[in-house]
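Working notes, structure below.
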Amino acid sequence: MSATSRILCPTLKERVMSAEQAAELIPAGANIGMSGFTGAGYPKAVPKALAERIKRVNAEGNDPFRISLWTGASTAPELDGVLAEVDGIEMRLPFQSDPICRNKINTGTMDYVDLHLSEVSQYAWSGFLGKMNIALIEVAGIREDGKLIPSSSIGNNKTWIEQADKIILEVNSKQNIKLEGMHDIYYGTALPPNRKPIMLTDPADRIGEFYFECPPEKVIAVVETNAEDRNSPFKAPDAVSQKIAQHILDFFEREIEVGRLPKELLPIQSGVGNIPNAVLEGLDAGPFKNLSAFTEVIQDGMLKMLKSGTLGVASATAFSLSPEGLKEFDENIDLYHDKIILRQQDISNNPELARRLGIIAMNGMIEADIYGNVNSTHVMGTRMMNGIGGSGDFARNGYLSIFVSPSIAKDGAISSIVPMVSHVDHTEHDVKVIVTEHGLADLRGLSPRQRAREIINNCADPSYRPALQDYYERALHSGRGMHTPHLLSEALSWHERYENEGHM
Ligand code: COA
């Protein structure tokens, strides 16, 4: 099916043009809201054409042509990569994971606002970010009445369409047209003091519409594309990930035994990556049936769980499938159609819903300290890795917040358990469980001193455990504050040593 045959609205059919022509309509300095959440549903042609235009204009020695780029979350090299490469991004929000972007951020040539993903639309609606000039949104089709069939991610698209002065649409005929009906776009949000409760009490609930409303008069261009989403292939879980997954599975079993979790668990939220994938595989191999997920992204592991019946329903804002996962989904979409619901990210990550549903949040971290504070974003306290993403939305508001990491990084030169984290994303108040390959620290109900013993003994690598114990004991006997004992002049010395000597 060609993209043209997916543009059924006569008015919008008249606005079809090439990506290059559409890119010409974007002014320098524009705030642009683009679709895209992980490598799914991002515009595939106009960003590249825009990058080429920026490169051309800047080579002519004119005032630098740059834009501010707002998305749902990370995207792909065809969006973040190409625009960062030509120094076309002045300011980026709310999340990225692109190596070129990361480099520009860490060398100070790109500003980056790292936001809780649930909060981005509120920021835009409240005017905290300035005016959005253009929305550039990939869709799977345009209906005769002008409503838009969303593509493989929703992210902030609803907000961008509503907030932007002008809209450019990319209609991607590679997106499975049977995605139609899998989305749930909720039009009941409002700013305080006019907010009402969000009437969703089960991950399977539908509270909205299948389509985006889109005023045709705002649409200045429609571009046809035929390009696949791009996500990395999954690596098979390694031994460390499998050990971490096993600790979590054992923990779930104990919680069920003592009656703190039902046998169907509670809705799962799982970050992307090797370890979360190993946990999903472990759940799939275990006795669990009819679980639910209320999460950000549907990854390969969740498709397998839906197919086997381990998972009954999955609610998310985007797919994040490897090429094999995408093939499996496309070929068997009928099986998945009614078991997956895609929502906008201010609903998929909503704090009210995370608290009500009692999410089990499982996310990766860079480091944790002996008192349970977690750094998810900054390497050695200063260099941005990706961003906080949705981890804060789920960790603070969920029923259980679990943070996972290998106990060491860079072949053992770095300990992931440190005396004091070099940056805090999740405070000790938000972190309930920490897991490494060596074990699990259940921090619920523990004082800081009890937490320190639990984390050092259960989670630290044996090669770093004596040094952590020594730090803690000396802090304890320093005659200073006994609630959270620290040696202030030494607390960050492990990071300092790594920066100077290449090991902690
Ligand atoms: N200090 C320095 N570097 C560290 C480190 C530490 N304590 N721990 C890990 N790293 C490095 C690794 O060496 C690796 O570097 P490389 O890419 O140069 O090899 C990189 O960080 C990624 O580590 P890895 O072990 O592969 O972890 P991951 O892919 O599971 O990612 C996070 C871990 C923390 C970066 C990732 O989970 C993240 O971005 N989290 C924040 C957002 C989030 O939670 N999203 C999900 C919410 S829905």
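For ligands, and for the atoms within them, numbers begin at 1 and follow the listed sequence. Predicted model, so just to flag it, every value in this text is computed and none were measured.
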Heavy atom to atom 43 (C) of ligand 1, shortest distance: which of Asp411, Ile388, Val297, Ile275 holds it? Ile388
Salt-bridged, Glu328 to Lys304, with N to O below 4.0 Å? no
Proximal atoms of ligand 1 relative to Glu296 (non-hydrogen, under 4.0 Å): 48 (S)
Any protein heavy atom at under 4.0 Å, with atom 8 (N) of ligand 1 as the reference point? yes
Taking the non-hydrogen atoms of Ile366, is any one of them nearer than 4.0 angstrom to ligand 1? yes
Is the NZ or CZ atom of Lys44 both under 6.0 Å from the centre of the six-membered ring of Tyr42 and within 45° of that ring's axis? yes
I want to confirm something. Looking only at heavy atoms, which of Ser391, Gly389, Gly387 is nearest to atom 41 (C) of ligand 1? Gly387
Is the shortest N/O to N/O distance between Ser416 and ligand 1 below 3.5 Å? no
Protein heavy-atom partner closest to atom 11 (C) of ligand 1 - residue, atom, separation in Å: Met385 CE, 4.0 Å
Protein heavy atoms: any of them under 4.0 Å from atom 37 (O) of ligand 1? yes
Quick one: do the Ser35 and Asn157 side chains pair a donor with an acceptor below 3.5 Å? no
Return the closest protein heavy atom for atom 12 (C) of ligand 1 as residue, atom name and distance. Lys410 NZ, 4.1 Å
To the nearest 0.1 Å, how far is atom 33 (C) of ligand 1 from its closest protein heavy atom, and which atom is that? Met365 O, 4.3 Å
Considering both backbone and side-chain atoms of Phe95, is one of its nitrogen or oxygen atoms within less than 3.5 Å of a nitrogen or oxygen in ligand 1? no
